[in-house]
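Heads up, the thing below is written out as structure tokens.
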Amino acid sequence: MTDEPTPEQHRKPDVRIVHLSGPVFQALAAGDLAAANAVSPVPLTTHFTDPDWRGVWLMRGEQAEEDPASAGWVTGVIWDEQRQLAVGHAGYHGPPDASGLVEIGYAVDPAHRRRGYARAALESLLERAAREPGVRTVRVTISPDNTASYRLASQYGFIEVGDQWDEEDGLEIIYEIPADQL
């Protein structure tokens, strides 16, 4: 057995972020994959009903209910167009705030890591942020021990601007980049 990457791991994935609706968020928050897939625009995997993510789905469902337009911004599916497969989730924490700030979040299913999906999702999110006139700053927050995410974000010009305590994730380092530098 060798650790050499497979040809599939060498190809740059062709991904898009597929947005979800309130009913999908609600089903995922309940851990009901069958109900989520009944209303999802793409087939989802058990990764999406992992108990660690239910709080995120609940929060995104509440956001979409309070502001239906936010569903086009918040966490969606990282969809591999070639493989026709959901490989993770990515999106913004919401539409741009009053100062023009958007925060990015992304997570790749462990079964699909180290194949370029996080990079492809980040690039997709940064491209959209650069096109949106209301976005002035893009933020990503990263746990101090998540060196892979830090290395990825730093390649795109994100710089450390501080830290914060997140009730779910603990200590996070805050990185930002002005949208006009994307």
Side-chain angles (χ1 to χ4, degrees), residues 15-79 86-113 117-118 121-122 124-126 128-129 132 134-146 148-150 152-153 158 161-177 179:
V15 303
R16 68 182 167 105
I17 308 301
V18 177
H19 296 287
L20 303 174
S21 64
V24 180
F25 292 134
Q26 292 166 358
L28 292 174
D32 189 340
L33 183 60
N37 275 326
V39 292
S40 176
V42 295
L44 305 174
T45 65
T46 57
H47 170 72
F48 289 82
T49 53
D50 183 299
D52 290 342
W53 289 100
R54 290 187 185 163
V56 170
W57 302 128
L58 180 63
M59 179 174 39
R60 300 302 177 227
E62 290 170 354
Q63 274 181 282
E65 187 175 321
E66 291 172 17
D67 176 17
S70 72
W73 284 91
V74 299
T75 312
V77 178
I78 303 172
W79 180 253
V87 297
H89 34 86
Y92 306 93
H93 290 209
D97 68 13
S99 71
L101 175 79
V102 291
E103 184 171 343
I104 288 175
Y106 52 88
V108 176
D109 181 334
H112 302 292
R113 290 185 180 154
Y117 290 118
L122 178 59
S124 177
L125 294 168
L126 292 175
R128 178 178 179 190
E132 292 284 344
V135 175
R136 291 189 188 91
T137 306
V138 180
R139 171 181 286 178
V140 63
T141 58
I142 302 171
S143 169
D145 61 348
N146 190 342
S149 281
Y150 165 74
L152 179 61
F158 282 90
V161 298
D163 61 44
Q164 67 184 16
W165 185 262
D166 183 89
E167 289 301 318
E168 287 186 28
D169 299 324
L171 180 63
E172 298 175 326
I173 309 301
I174 302 168
Y175 301 91
E176 293 181 351
I177 186 170

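Worth knowing before you read on, the calculation uses all heavy atoms, side chains too, and leaves out hydrogens, waters and symmetry mates. For the single chain, residues carry numbers from 1 onward in sequence order.
Sorted by first and then second residue, the pairs that involve residues 16-42 and meet side-chain hydrogen bond (donor to acceptor under 3.5 Å, both in side chains), not counting sequence neighbours, are R16-E81. Sorted by first and then second residue, the side-chain hydrogen bond (donor to acceptor under 3.5 Å, both in side chains) pairs involving residues 94-107 (not counting sequence neighbours) are D97-S99, E103-T141.
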Distance-only donor-acceptor hits, side chain of residues 61-69, under 3.5 Å, sequence neighbours excluded:
{"residue": "Q63", "atom": "OE1", "partner": "R60", "partner atom": "NH1", "Å": "2.5"}
{"residue": "Q63", "atom": "NE2", "partner": "H93", "partner atom": "O", "Å": "2.8"}
{"residue": "D67", "atom": "OD1", "partner": "A69", "partner atom": "N", "Å": "3.4"}

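Using a 4.5 Å cut-off on side-chain heavy atoms (C-beta onward), H47 and P110 make contact. Residues T75 and L20 fail the side-chain proximity criterion, which asks for heavy atoms closer than 4.5 Å. Between W53 and L28, every side-chain heavy-atom pair lies at or beyond the 4.5 Å cut-off. Proximity of I17 to W79: side-chain heavy atoms (C-beta onward) are nowhere separated by under 4.5 Å. Side-chain atoms of L125 and V138, non-hydrogen and from C-beta on, never get closer than 4.5 Å to each other. Between W57 and H89, some side-chain heavy-atom pair lies under the 4.5 Å cut-off. In this structure the side chain of L171 reaches within 4.5 angstrom of the side chain of P144, judged on heavy atoms. The closest side-chain heavy-atom distance from F48 to D109 is not below 4.5 Å.
With hydrogens and angles disregarded, a donor-acceptor distance shorter than 3.5 Å links the side chain of R54 to the backbone of T49.
By the side-chain contact (heavy atoms from CB on, under 4.5 Å) test, Y175 is found to be paired with V140, I142, Y150, F158, E160, I173, residues two or more places apart in sequence or in another chain being considered. A search for salt bridge (Lys or Arg N to Asp or Glu O under 4.0 Å) contacts involving E172 returns nothing, not counting sequence neighbours. In this structure, the side-chain contact (heavy atoms from CB on, under 4.5 Å) partners of A148, at least two apart in sequence or on a different chain, are N146, R151.
Summarising the geometry, atom CG belonging to D163 is positioned 6.5 Å from atom CD1 belonging to I174; distances are rounded to the nearest 0.5 Å.
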Query raised in the report: Would M59 and V74 count as a side-chain contact (heavy atoms from CB on, under 4.5 Å) if you check the C-alpha gap in whole Å, the side-chain angles of each, and the deciding distance to 0.1 Å?
Result: CA-CA 10 Å; M59 179 174 39; V74 299; over 6 Å; no
